[in-house]
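Structure, as structure tokens:
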Amino acid sequence: MPELPEVDSARAVIERTVLGQRIVAIEDVDPYVCRPHTAEDFESGLVGRRIVRVMRRGKQLWCETSPLRGQGAPGPHLGLHLGMGGRIVVTDRSGRVVPDGDSTHGLAGEHQDRWDRCTVRFANGMALRLVDKRRLGRVRLDPDVAALGPDALDVDLREFRRLLSRGTTSIKARLLDQSVLAGIGNLLADEMLWQSRISPAKRVDQLQPTEVAALHRAMRQALRRSIAAGGSHTGRVIPARHGGGTCPRCGAPMRHGTVGGRSTWWCEREQDEQHG
DNA sequence: ACTCGTGTTAGCTG
DNA sequence: TCAGCTAACACGAG
């Protein structure tokens, strides 16, 4: 599920529930998800500190922590990455899930802790959990945020042009390159390319200026809409991403293939591949 | 039994 | 060195 919109909503939940709370324990440390850190690393680095800020850049989320007892240097950043299927769940002191506003999977009831890969407990009894069946999510101290490109929501047309100006790779591969542009995932990329009627396989050096402008507009709109609607899966073309699917605009068959190493769907009529 | 996947990255090639 | 591509990662869902 997680692309920029899902991560943004996770950020909001953390901010609303445990901002300012003191960390009292770290539990359920899955060694694969949390590598290279150990439970002791988290314990000594975080316990006793408060969450003072919750930040996001692209799909990377992190919590900034206070000095100990208000004295000395700030603590490490607690980096959270949802991977392919992870989610953030906050539970209250009685173990019930705190609703996150728009999620349909956040069953407001007992929390099933079978898939918890890292749990942060707070003085007020709340717990922040990274829940991830697949274990492709990551929890790490002081994540290297500088390796990411600018957040997709912050990129204006001028910068967007610049990000697409180098190289010869396909536009879809470029949109998915987090070191260039942070936050666009597989579904958002298909959605914005469909909205702007551009072939996912078209090389970045073959894009016309008008196409780049249309794509930038589509990106901003797709991000805004999916954040408001509650996730990347709410895009208009997403329901057509299956065998036999047809374009929601023109009714032509949707085509499927691998572009930029990812499963890709596009309208065979409107997203023509004349210039590949 | 077998294939696929809303992400990242180590490793290879030109 | 860099741009670009592929395989691998883990494991549930269909």
Side-chain angles (χ1 to χ4, degrees), chain A residues 1-10 30-36 56-62 79-88 102-106 112 114-118 130-140 143-149 151-152 162-194 200-206 219 222-223 225-227 229-245 256-266 276:
Chain A
M1 314 176 60
E3 298 185 35
L4 189 154
E6 288 79 8
V7 179
D8 200 58
S9 122
D30 181 301
Y32 185 80
V33 168
C34 298
R35 66 195 157 84
R56 180 190 62 73
R57 178 150 164 191
K59 306 168 193 170
Q60 178 71 54
L61 191 58
W62 70 97
L80 302 167
H81 198 291
L82 304 181
M84 285 282 274
R87 57 202 167 95
I88 296 297
D102 50 37
S103 133
T104 53
H105 48 252
Q112 162 63 277
R114 179 174 168 201
W115 313 117
D116 289 2
R117 306 305 182 186
C118 186
L130 174 64
V131 183
D132 181 14
K133 296 175 186 178
R134 264 176 94 175
R135 304 170 88 196
L136 289 174
R138 294 292 179 262
V139 181
R140 69 181 323 162
D144 183 13
V145 176
L148 295 171
D151 187 84
R162 194 171 56 74
L163 298 178
L164 302 193
S165 66
R166 277 169 300 103
T168 60
T169 193
S170 68
I171 179 57
K172 172 142 182 182
R174 178 60 52 85
L175 292 173
L176 293 175
D177 186 341
Q178 304 298 300
S179 70
V180 171
L181 177 68
I184 303 301
N186 201 33
L187 294 188
L188 280 170
D190 275 8
E191 174 73 13
M192 57 192 276
L193 286 163
W194 176 77
K202 190 157 186 176
R203 286 166 35 169
V204 291
D205 58 320
Q206 314 243 98
M219 175 174 77
L223 285 170
R225 285 188 60 226
S226 54
I227 288 173
S232 314
H233 60 285
T234 63
R236 276 192 68 202
V237 82
I238 307 307
R241 293 175 90 261
H242 61 82
H256 181 238
T258 297
V259 183
R262 305 299 304 279
S263 177
T264 302
W265 295 82
W266 67 96

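Remember, predicted model here, so these are calculated numbers, not experimental data. Numbered from 1 within each chain, the chains take letters A, B, ... in sequence-line order.
Among the protein residues, Arg138(A) comes within range of no part of the nucleic acid, since none of its heavy atoms lies under 4.0 Å from any strand. Here Gly261(A) lies out of heavy-atom contact (under 4.0 Å) with every strand. Using a 4.0 Å heavy-atom criterion, one finds that Arg135(A) contacts the sugar-phosphate atoms exclusively. Residue Arg174(A) is in sugar-phosphate contact alone, with no base atom involved, counting any heavy-atom pair closer than 4.0 Å across all strands shown.
Between dT8(B) and His81(A), a contact under 4.0 Å exists linking OP1 or OP2 to a side-chain N or O. For dG7(B), the OP1/OP2 oxygens have a side-chain nitrogen or oxygen of Arg262(A) closer than 4.0 Å. Residue Ser263(A) places at least one side-chain N or O under 4.0 Å from the OP1 or OP2 atom of dG5(B). Between Thr168(A) and dA3(C) there is no side-chain polar atom (N or O) within less than 4.0 angstrom of OP1 or OP2. Put simply, Arg117(A) has no side-chain N or O that comes within less than 4.0 Å of OP1 or OP2 on dA10(C). Within the structure, every side-chain polar atom (N or O) of Lys133(A) is placed at least 4.0 Å from both OP1 and OP2 of dA10(C).
Following rounding to the nearest Å, Met84(A) (CE) and dT8(B) (P) show an atom-to-atom distance of 10 Å. Protein atom CG of Leu136(A) is 6 Å distant from nucleotide atom C1' of dA10(C), rounded to whole Å. What separates CZ of Arg134(A) from P of dG5(B) is a distance of 10 Å, to the nearest Å. Arg57(A) places its CZ atom 14 Å from the P atom of dT8(B), with the value rounded to the nearest Å.
Expressed to the nearest 0.5 Å, how far CG of Leu164(A) lies from CZ of Arg174(A) amounts to 7.0 Å.
When Watson-Crick and G-U wobble pairs are counted only if both distances are under 3.5 Å, dA7(C) pairs with dT9(B).
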When you look at Leu187(A) and Arg241(A), which way does the side-chain contact (heavy atoms from CB on, under 4.5 Å) test go after all the steps?
CA-CA 9 Å; Leu187(A) 294 188; Arg241(A) 293 175 90 261; 3.3 Å; yes
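For the P atom pair drawn from dA10(C) and dG11(B), the interatomic distance equals 15 Å after rounding to whole Å.
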